[in-house]
Amino acid sequence: MKLRDPILYRILKAEHYRTGDRWKVYPMYDFAHPLSDYIEGVTHSLCSSEFIDNRAVYDWLVENLAGKCGLPEWPRPKQIEFGRRSLEYTVVSKRKLIQLVERGLVEGWDDPRLPTLAGLRRRGVRPQALIAFARKVGISRTDRTVDIALLEWAIRDDLNPIAPRVMAVTEPLKLVLTNYPEGELEELEAPYFPPDVGKPGSRRVPFGRELWVERADFALKPPKGWKRLVVGGHTRLRHAYVVRIDEAVTNDAGEVVELRGVYLPESLGKNPEGIKVKGAVHWVAAGPALAAEFRLYDRLFKVPFPDAGEGSFLDHYNPDSLKVLQGYVEPSVATDDPETRYQFERLGYFWRDPELGRGEKPVFNRIITLKDTWKKPKEQKPAAKPAKKAEPRREDKVAALAPEAREVYERCRHLGVGEAEALQIARDERLRTYLEDCSAYGPPSLAAPWVVHVLGKAIRSGEAGVEPQALMALLAELEKGAFDRSVAKRALEEALARGGDPLELARARAADRLSAEALDALVREVLAAHPEETASYRAGKRGLMGFFVGKVMRASAGRADPKQVQSMLSRHLENPIE
RNA sequence: UGGGGCAUCGUCUAAUGGCAGGACGGCGGACUCUGGAUCCGUUGGUCGUGGUUCGAAUCCACGUGCCCCAGCCA
């Protein structure tokens, strides 16, 4: 990419469908992007990682055109790339989304199942939720696929404190209370928010002889732990009375078509004595309830990574990702602001679809379900990590060397260079040459670790700014004990980065070292400031040594020998009695 | 194939070479007129192998895996 000859713009003597023949020059991305950033005074140009290659062209153009051709002279913009972020159970690339739209698998770009902004907005997700989600996901240079649970958490967390609770029944089953007078209705007061949200407000909910309850809330043969309606059992109707189910009326096919039972008149606001009430279910009164449509959205794909593996992502499309149900909602919503996001108790968060749902008959989109911690179906996520291949042994690596390289290796070993260093030197021509140059001024075994580990990268790239002679002079003084190893290393790194003579830099650092007394005082100070850590070190948590050394090093502003610090520390830590 | 980039709990993300921490999820418990919320606890990780270093997620080397580019697209 970098070597190619970039096309900056093309000249087309043709009629443009919108601008006619006004322009002949059409800039390419690589030309337009840096220049428009620069002209507009952009300081940081953020983009995703597929443009990393383009940065070379970007920088070159900005650097070479700044201040020329009538362009201003001001700070250059910097392109910074981040990794792409994807989401489980969906696709996010435009190329794939368009296929869903064009094939009619979704109802348009704003289909609430899509991860588009238009889709999320129509679904009812608020910008606050997306911002919170983005913050949680964060930015890094790695391409990542985010757990869908994180988005769901952000949406719920946003809606929980603001969504008034009301009741709706999406799959109605009639419940007749045989001891409630026919034709009568009463109104019960029900708060919009539970105590933990702590917001004021309430509405009146009609209650009568015939109610709708959720079909899924009744079981003929309840599983273990069932806390809902069951024949013979007592269950709370949310915000209302406790009822007992006496009979489940079935049709010829054996399906339950109606429940019959009684309500306990004394159970409003308190639990009846001597009766075990299991759970609470939502309901609406059959007469006054408003007919409504509920659109329940599920994951667009059946698998977490529809892109992965053989075949098309379309093979994993979830045909049940939209379920349209006809049911009832309590009448109070009729007069609410149509923008209201509700929590339909025990069902999830809903709002009226802005396209279809604001008319006579309300249509509700389910924004997100409530978190369900009961009876997990528990889909297993594949966690198996692929087995790693075994690394070849060092002898085999040496054996694989070319004859000349092997000779270099053997010679290095003979001179006392370590195995790993010898191998690296044998493999790289430049390292070998550098070390040979060093050997004119001192023993190669002394130089090898420094050449390989500290200077290695620079030498390989041909930019070693430190001469062999300078390196060897430094190491000779180090051997004599003129300063400690950490001083030498810092000095060498500094010389590498900013130039200068490493020996002089090392001497300057050595002269700046703290005296033993000053250091001892510092050590005592650090230990005194961290009594807990000191105690747990003495109790056996040896890993804390690094913590203490770090603290002392920081306090000394680098003017200490870590080895000396460590020995002082262990002396004080082993002998607590001063 | 060549060039470029990236690898940390199940997931996402932190950690001037100095206690691998947080969030989501999971699990357990408390509470509850929502199997919600809240609170408490817990689980679990530095891609592999060597090397340098008092000390490595971080530096060096070699591997492995994934992504991007190789349009007169963006």
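The chains referred to below are lettered A, B, ... by the order of the sequence lines, with proteins before strands, and numbering in each begins at 1. Heavy-atom basis, side chains included; hydrogens, waters and symmetry copies ignored.
- Among C12(B), U34(B), A61(B), the nucleotide with an atom closest to any side-chain atom of Val146(A) is C12(B).
- Nearest-nucleotide positions on RNA chain B place Asp157(A) closer to the 5' end than the other of Ile7(A) and Asp157(A).
- Look at CD on Gln79(A): it is 13 Å from P on G5(B), rounded to the nearest Å.
- By the salt bridge (charged side-chain N to carboxylate O under 4.0 Å, His left out) test, Glu525(A) is found to be paired with no residue, residues two or more places apart in sequence or in another chain being considered.
- Among the nucleotides C60(B), C72(B), G35(B), the one closest to the side chain of Arg346(A) is G35(B).
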With a cut-off of 3.5 Å and sequence neighbours excluded, list every side-chain donor-acceptor pair involving residues 130-141 of chain A.
unit_1    : atom_1 : unit_2    : atom_2 : d
Ser140(A) : OG     : Arg85(A)  : NH2    : 3.2
Ser140(A) : OG     : Thr142(A) : N      : 3.4
Arg141(A) : NH1    : Glu81(A)  : OE1    : 3.1

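- Across all strands, Glu50(A) comes closer than 4.0 Å only to sugar-phosphate atoms, never to a base (heavy-atom distances).
- Side-chain N/O atoms of Asp196(A) and base N/O atoms of G36(B) include a donor-acceptor pair closer than 3.5 Å.
- Heavy atoms of Thr145(A) sit under 4.0 angstrom from primed sugar atoms or phosphate atoms, though from no base atom.
- Between Lys457(A) atom NZ and U58(B) atom P the separation is 12 Å, expressed in whole Å.
- With sequence neighbours excluded, no residue satisfies salt bridge (charged side-chain N to carboxylate O under 4.0 Å, His left out) with Arg554(A).
- Partners of Lys24(A) under the side chain to side chain donor-acceptor pair (under 3.5 Å) rule, at least two apart in sequence or in another chain, do not exist in this structure.
- Going from atom CZ of Arg427(A) over to atom CZ of Arg432(A) covers 15.5 Å, rounded to the nearest 0.5 Å.
- Here the side chains of Asp561(A) and Arg485(A) are not in contact, with every heavy-atom distance at 4.5 Å or above.
- Of the inter-residue distances, the one linking Asp217(A) atom CG with Leu175(A) atom CG reads 11.5 Å to the nearest 0.5 angstrom.
- Base contact: Gly225(A) has a heavy atom under 4.0 Å from a base atom.
- Among the heavy atoms of the strands lying under 4.0 Å from His239(A) is at least one base atom, whether or not backbone atoms are also near.
- Stretches of at least 3 consecutive Watson-Crick or G-U wobble pairs, with each checked distance under 3.5 Å, appear in RNA chain B as B:1-7 with B:64-70, B:10-13 with B:21-24, B:26-30 with B:38-42, B:47-51 with B:59-63.
- Between the side chain of Arg228(A) and the base of G35(B), a donor-acceptor pair under 3.5 Å is found.
- A straight line from CZ of Phe218(A) to C1' of G35(B) spans 19 Å, rounded to a whole angstrom.
- For G36(B), the OP1/OP2 oxygens have no side-chain nitrogen or oxygen of Arg156(A) closer than 4.0 Å.
- Near RNA chain B, meaning a heavy atom under 4.0 Å away, the residues from residues 416-423 of chain A are Ala420(A), Glu421(A).
- Ser445(A) contributes atom OG, which lies 11.0 Å from atom CZ of Arg413(A) (distance to the nearest 0.5 angstrom).
- Note on residues 538-566 of chain A: pairs passing ring-ring contact (aromatic ring centres under 6.0 Å, His included), not counting sequence neighbours, are His530(A)-Phe547(A).
- Taking only side-chain atoms of Lys136(A), from C-beta outward, the nucleotide of C67(B), C60(B), A23(B) with the closest atom is A23(B).
- In this structure, G5(B) shows a glycosidic angle more than 90 degrees from zero, which is the anti conformation.
- By the salt bridge (charged side-chain N to carboxylate O under 4.0 Å, His left out) test, Glu532(A) is found to be paired with no residue, residues two or more places apart in sequence or in another chain being considered.
- Judged by distance alone with a 3.5 Å cut-off, a donor-acceptor contact links the side chain of Asp53(A) to the base of G3(B).
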Requested in this report: Using a 4.0 Å heavy-atom cut-off, write out nucleotides 14-19 of chain B from 5' to 3' as B (base contacted by protein), S (sugar-phosphate only) or - (no contact).
Outcome: S-BBBB
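- One interatomic measurement links the two molecules: CZ of Arg238(A) to C1' of U34(B), which rounds to 5 Å at whole-angstrom precision.
- For Arg427(A), counting side-chain heavy atoms from C-beta on, the closest listed nucleotide (A61(B), U34(B), U52(B)) is A61(B).
- Neither OP1 nor OP2 of U34(B) sits under 4.0 Å from any side-chain N or O of Arg165(A).
- With sequence neighbours excluded, the residues satisfying side chain to side chain donor-acceptor pair (under 3.5 Å) with Tyr537(A) are Arg542(A).
- Using a 4.0 Å cut-off, some side-chain N or O of Thr373(A) falls inside it from OP1 or OP2 of G36(B).
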Extract all donor-acceptor atom pairs below 3.5 Å that involve side chains of residues 264-273 of chain A and protein atoms in other chains or at least two apart in sequence.
unit_1    : atom_1 : unit_2    : atom_2 : d
Ser267(A) : OG     : Val242(A) : N      : 2.8
Ser267(A) : OG     : Leu264(A) : O      : 2.5
Asn271(A) : OD1    : Arg236(A) : NH2    : 3.0

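- Relative ring orientation between Phe294(A) and Phe364(A) is described as parallel, the plane-to-plane angle staying below 30° on a 0-90° scale split at 30° and 60°.
- Atom-to-atom, CG of Leu401(A) to C1' of C62(B) comes out at 12 Å; the value is rounded to the nearest Å.
- Evaluation of the salt bridge (charged side-chain N to carboxylate O under 4.0 Å, His left out) rule for Glu330(A) yields Arg203(A) as partners, not counting sequence neighbours.
- The listed nucleotides are G35(B), C6(B), A37(B); the one nearest the side chain of Lys371(A) is A37(B).
- The Asp147(A) side chain lies nearest to G10(B) when the options are G5(B), G10(B), A37(B).
- As judged by a 4.0 angstrom heavy-atom cut-off over every strand, Gly269(A) is placed among the base-contacting residues.
- Across all strands shown, Tyr9(A) has no heavy atoms under 4.0 Å from either base or sugar-phosphate atoms.
- For Ile52(A), the listed nucleotide lying nearest its side chain is G5(B); candidates were U53(B), C72(B), G5(B).
- Atom CG in Leu150(A) sits about 13 Å away from atom P in U11(B), given to the nearest Å.
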